[in-house]
Amino acid sequence: MEKDFEELKALFQQKKASAVLSVQEVNQRAKSELRQLKKNHRVTIVTFLLTAVALVYIDRVSATKMETSAAGFGILMGCALYYMISKTYLLYRLSAIKPTESVRETLQRLEAYKKLNTWMHTYGEVAYVLVLGLGIYLYVRPVLDRFLLDQTGATLLCFWWIWGACIAWLFVYTFVIKRRRMRKDIRILERYMESLRPESPGK
């Protein structure tokens with residue numbers, strides 16, 4: 001009887017150690033993915049900062065050769081800065097989640113961040129695309145007017161097909177490709193939250 005008890009005790013301890021190890025592995029993986037998410041935010045911030053610098057350079061070069069729209073340029077710069085600032089804020093909110101906090105506080109912060117991230121990648125993206133499309137149109141409108149005056153019907157039709165394809169790609173990139181990335185980010189956050197839930201709520 002005592003032997004059976006010792007065997008059961010050893011088996012229970014082995015299973016407990018295995019479960020703890022499994023939780024630790026999941027937790028470590030979740031934290032690694034979270035670090036990757038922060039890295040993605042930093043890459044996006046740098047990308048849009050370089051985009052803003054490139055826009056300023058292109059506008060200065062273009063101004064010496066052709067007429068462009070100051071309003072359109074302002075909107076394009078605003079879009080680049082908006083994306084950079086919004087990603088900076090998301091990175092700030094994500095970095096504010098510290099492992100030293102209690103599980104309950106961490107879960108609350110993660111849930112709030114997930115909602116904010118989802119909102120920015122849905123309603124925020126819709127507004128961004130509409131304003132960006134308007135900015136592109138206004139910026140190149142003076143060039144288009146001059147170009148379209150001297151072209152044949154076939155050239156005009158080809159031009160409008162190209163313009164339509166560019167706008168379609170903008171929508172596909174925003175509402176298909178970016179939404180896939182958003183869903184991937186959400187899964188990372190959810191895995192991290194799941195890795196925390198087995199722990200004691202009062203911890």
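Atom CG of residue L94 and atom OH of residue Y113 lie 4.5 Å apart, to the nearest 0.5 angstrom. Note that NZ of K184 is 8.0 Å distant from CZ of R187, once rounded to the nearest 0.5 Å. Atom CD1 of I97 is separated from atom CG of L107 by 9.5 Å, given to the nearest 0.5 angstrom. With rounding to the nearest 0.5 Å, the separation of CG in L189 from CE in M193 is 6.0 Å. Going from atom CE of M182 over to atom NZ of K114 covers 10.5 Å, rounded to the nearest 0.5 Å. Rounding to the nearest 0.5 Å gives a distance of 10.0 Å between CD of Q36 and CG of D185.
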### Worked verdict on I186 versus E190 for side chain to side chain contact (heavy atoms under 4.5 Å, CB included)
CA-CA 6 Å; I186 295 300; E190 288 175 346; 3.6 Å; yes
### Task
Go through the steps to decide whether C79 and I75 satisfy the test side chain to side chain contact (heavy atoms under 4.5 Å, CB included), and finish with yes or no.
CA-CA 6 Å; C79 286; I75 291 174; 4.3 Å; yes
### Query
Where do R183 and R180 land on the side chain to side chain contact (heavy atoms under 4.5 Å, CB included) test, with the steps shown first?
CA-CA 5 Å; R183 285 193 289 268; R180 283 178 185 170; 3.6 Å; yes
### Message
Applying side chain to side chain contact (heavy atoms under 4.5 Å, CB included) to L138 and F73, what does each step give before you reach the verdict?
### Response
CA-CA 8 Å; L138 290 177; F73 173 74; over 6 Å; no
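Nearest heavy atoms, N117 versus H121: O-ND1, 2.8 Å.
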Would you be so kind as to tabulate the donor-acceptor pairs closer than 3.5 Å made by side chains of residues 124-132, with sequence neighbours excluded?
| residue | atom | partner | partner atom | Å |
| --- | --- | --- | --- | --- |
| E125 | OE2 | Y83 | OH | 2.5 |

For residues 42-58, dump all side-chain donor-acceptor pairs below 3.5 Å to protein atoms at least two apart in sequence or in another chain.
| residue | atom | partner | partner atom | Å |
| --- | --- | --- | --- | --- |
| T44 | OG1 | N40 | O | 2.9 |
| T47 | OG1 | V43 | O | 2.7 |
| T51 | OG1 | T47 | O | 2.8 |

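Between T122 and R179, the closest side-chain pair of non-hydrogen atoms falls below 4.5 Å.
Applying the salt bridge (charged side-chain N to carboxylate O under 4.0 Å, His left out) rule to E105 yields no partners; only residues at least two apart in sequence or on another chain are considered.
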